[in-house]
Visitor: 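Got a structure for you, questions after.
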Amino acid sequence: MDRIIIRGGNRLSGQIPISGAKNAALTLMPCALLTDEPLTLRNLPRLADVDSFGHLLNELGASTAIEGTRPSDFGRVMTMRAGNLSSTIAPYDIVRKMRASILVLGPLLGRAGEATVSLPGGCAIGNRPIDLHLKALEAIGAEIEVAAGYVKASAPKGGRLTGGRYRFPVVSVGATENVLMAAVLANGTTIIENAAREPEIVDLCNLLVAMGATIHGIGSDRLEIEGCERLHGATYGVMPDRIEAGSYACAAAITGGDVELTGACAEDMRATLDALVEAGVTVEEKKSGIRIAANGPLRPLTLSTAPFPGFATDMQAQFMAMQCLTEGTSVFTETIFENRYMHVPELARMGAHIEVHGRIAMVRGVEKLTGAPVMATDLRASMSLIIAGLMAKGETQVNRVYHLDRGYERLEEKLQAVGADIERVGDG
Ligand code: UD1
């Protein structure tokens with residue numbers, strides 16, 4: 001299994017191109033199931049999760065074709081076409097490898113009037129139930145049965161969903177996406193209240209509109225969707241990855257670096273940029289991207305994760321790594337997922353001083369981190385170890401690289417280009 005080796009201490013300087021957003025890609029791709037016409041997505045990141053989603057679409061009868069991009073290019077263009085669906089079942093073997101597979105539930109139900117999707121089960125960052133996905137779909141007319149580890153959903157008499165009104169008790173990105181994708185083909189209007197407002201949801205709404213859907217309130221927490229009988233194909237560019245951009249911003253900051261994140265969109269990551277400024281980092285918004293420059297010592301932070309526009313839970317681990325070398329005490333509160341401090345013991349093995357009390361983690365800055373063999377059990381936790389490794393003395397070996405490959409397109413190449421001493425090594 002591959003490992004990433006980092007020899008810390010190099011200051012990062014130069015440009016890092018930001019890829020298309022993984023989490024947007026994973027909700028735009030299932031939209032191919034909503035029409036028999038082709039859907040072409042540009043700027044899709046080259047990631048294991050995107051490949052897996054392509055395989056899932058194939059399983060359901062959709063074709064996927066990657067167009068003329070060279071292996072050296074970042075991003076890809078993929079055309080998907082679900083002329084006819086050959087199956088409406090997302091099997092356990094695929095769903096267990098990629099939680100986002102649950103996002104075929106809404107579009108299959110909307111298009112075919114039925115869907116059978118394996119329950120995703122627990123995952124590394126907590127329990128992650130899908131009850132809200134199911135309640136929201138029920139509210140717009142779906143009949144739902146859960147048996148033998150599968151969710152079986154159908155529209156009344158195998159036809160179309162009715163539309164309806166649903167108020168989320170808790171903000172859920174995935175459930176908002178699923179109900180949106182189902183509601184666009186319903187035979188009626190749907191109103192979603194307390195909807196997630198993440199930029200990836202806006203990207204999804206914009207694609208659905210490009211496919212012929214009518215959605216009011218895009219970007220707000222109240223979405224009104226007028227269902228229609230059919231949608232058409234579209235060509236659409238995936239938004240830049242705000243979490244990738246934020247991760248490299250933390251990497252630049254911990255090394256005292258000066259990096260331009262080309263193609264990043266500041267509006268999508270305001271809370272991340274505000275936190276960087278509060279930590280003493282210079283943030284310059286440019287036409288071409290965002291410049292991140294860290295000149296002096298960083299300041300401690302108090303951060304609490306929250307749904308957008310709040311501070312993203314997907315940025316918590318990377319900020320924590322960055323704050324390990326900051327003089328003073330930083331306080332993190334994780335309000336979204338109950339088990340999202342798994343990077344803490346690994347950072348501690350590198351010399352970090354972090355105390356966890358339930359949902360709160362207190363980071364007391366230390367003078368130095370020391371390289372060590374480490375591993376993490378989820379994507380963002382793995383990235384936090386990379387960030388710590390970039391400033392640790394000696395060699396850090398990050399194992400279980402497949403987590404990083406799920407979410408960071410050519411991580412080591414991008415970091416090498418700005419001066420990091422980082423390489424991927426195989427076992428052989
Ligand atoms: C998405 C992102 C993930 C990010 C998260 C929060 C993708 C592929 N993943 O995950 O990277 O960390 O948003 O920004 O886009 N919940 C329930 N019942 C449900 C659904 C959710 O109780 O049916 C709870 C979850 O356990 C969690 C909270 O709601 O505590 C938010 O989860 P949600 O926004 O749904 O996260 P995901 O869509 O899974």
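The figures that follow rest on heavy atoms only: side chains count, while hydrogens, waters and symmetry mates do not. Counting starts at 1 for both ligands and their atoms, in listed order.
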Visitor: Between the side chains of Glu193 and Arg165, is the shortest nitrogen-to-carboxylate-oxygen separation below 4.0 Å, so that they form an ion pair?
Guide: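 Salt bridge present between Arg165 and Glu193.
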Visitor: Between Arg340 and ligand 1, which residue portion shows a heavy-atom distance shorter than 4.0 Å: side chain, backbone, both, or neither?
Guide: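 Side chain only.
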Visitor: Using atom types as modelled and distance alone, determine if a side-chain donor or acceptor of Asn43 lies under 3.5 Å from a backbone N or O of Gly237.
Guide: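 A pair under 3.5 Å: no.
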Visitor: Donor-acceptor pair, Arg291 side chain versus Leu261 backbone, under 3.5 Å?
Guide: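 Looks like no, no N/O pair under 3.5 Å.
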Visitor: Nearest non-hydrogen atom to atom 16 (N) of ligand 1 belongs to which of Leu132, Asp378, Val171?
Guide: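 Checking each option, the heavy atom nearest atom 16 (N) of ligand 1 is found in Leu132.
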Visitor: Output yes when a side-chain donor or acceptor of Glu145 lies under 3.5 Å from a complementary backbone atom of Ala153, and no otherwise.
Guide: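 A pair under 3.5 Å: no.
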Visitor: Search all heavy atoms of Ala186 against all heavy atoms of Arg160 and return the closest pair with its distance.
Guide: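 Distance-wise, the nearest heavy atoms are O-NH2, 2.9 Å.
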Visitor: Are any of the N/O atoms in Ile336 less than 3.5 Å from those in ligand 1?
Guide: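 Yes, there is a polar N/O contact under 3.5 Å.
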Visitor: Is it true that Lys414 and Glu244 make a salt bridge, defined as a side-chain N closer than 4.0 Å to a carboxylate O?
Guide: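 Salt bridge present between Lys414 and Glu244.
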Visitor: Counting only heavy atoms, tell me which of Asn23, Thr335, Ile102 gets closest to atom 7 (C) of ligand 1.
Guide: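 Looking at heavy atoms only, Asn23 sits closest to atom 7 (C) of ligand 1.
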Visitor: Are any of the N/O atoms on Val173, whether in the backbone or the side chain, positioned under 3.5 angstrom from an N/O atom of ligand 1?
Guide: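 N/O-N/O distance under 3.5 Å: yes.
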Visitor: Closer than 4.0 Å to some heavy atom of Gly174 - which atoms of ligand 1 meet that?
Guide: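 Taking each heavy atom of Gly174 in turn, ligand 1 has 35 (O), 38 (O) under 4.0 Å.
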Visitor: Does any N/O atom on Leu26 come nearer than 3.5 Å to any N/O atom on ligand 1?
Guide: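 Min N/O separation from ligand 1 is not below 3.5 Å for Leu26.
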Visitor: Once you restrict to heavy atoms under 4.0 Å, what part of Phe337 touches ligand 1? Side chain, backbone, both or neither.
Guide: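 For Phe337, the contact with ligand 1 is made by the side chain alone.
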Visitor: So, is Asp314 polar-close to ligand 1, with some N/O to N/O distance under 3.5 Å?
Guide: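 Indeed, backbone or side chain, Asp314 has an N or O that close.
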Visitor: Residues in salt bridge (charged side-chain N to carboxylate O under 4.0 Å, His left out) with Glu285, at least two apart?
Guide: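 Per chain and number, Glu285 pairs via salt bridge (charged side-chain N to carboxylate O under 4.0 Å, His left out) with Arg270.
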Visitor: Under 4.0 Å, heavy atoms only, figure out whether ligand 1 is touched by the backbone of Thr313, its side chain, both or neither.
Guide: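 Side chain only.
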Visitor: Once you restrict to heavy atoms under 4.0 Å, what part of Pro129 touches ligand 1? Side chain, backbone, both or neither.
Guide: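 Both the backbone and the side chain of Pro129 come within reach of ligand 1.
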Visitor: So, regarding Lys22 and ligand 1 (criterion: nitrogen or oxygen to nitrogen or oxygen, under 3.5 Å), is there a contact or not?
Guide: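 Min N/O separation from ligand 1 is not below 3.5 Å for Lys22.
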Visitor: Going by side chain to side chain contact (heavy atoms under 4.5 Å, CB included), name the residues that satisfy it together with Glu59, two or more places apart in sequence or in a different chain.
Guide: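 Glu59 satisfies side chain to side chain contact (heavy atoms under 4.5 Å, CB included) with Pro91, Ile94 only.
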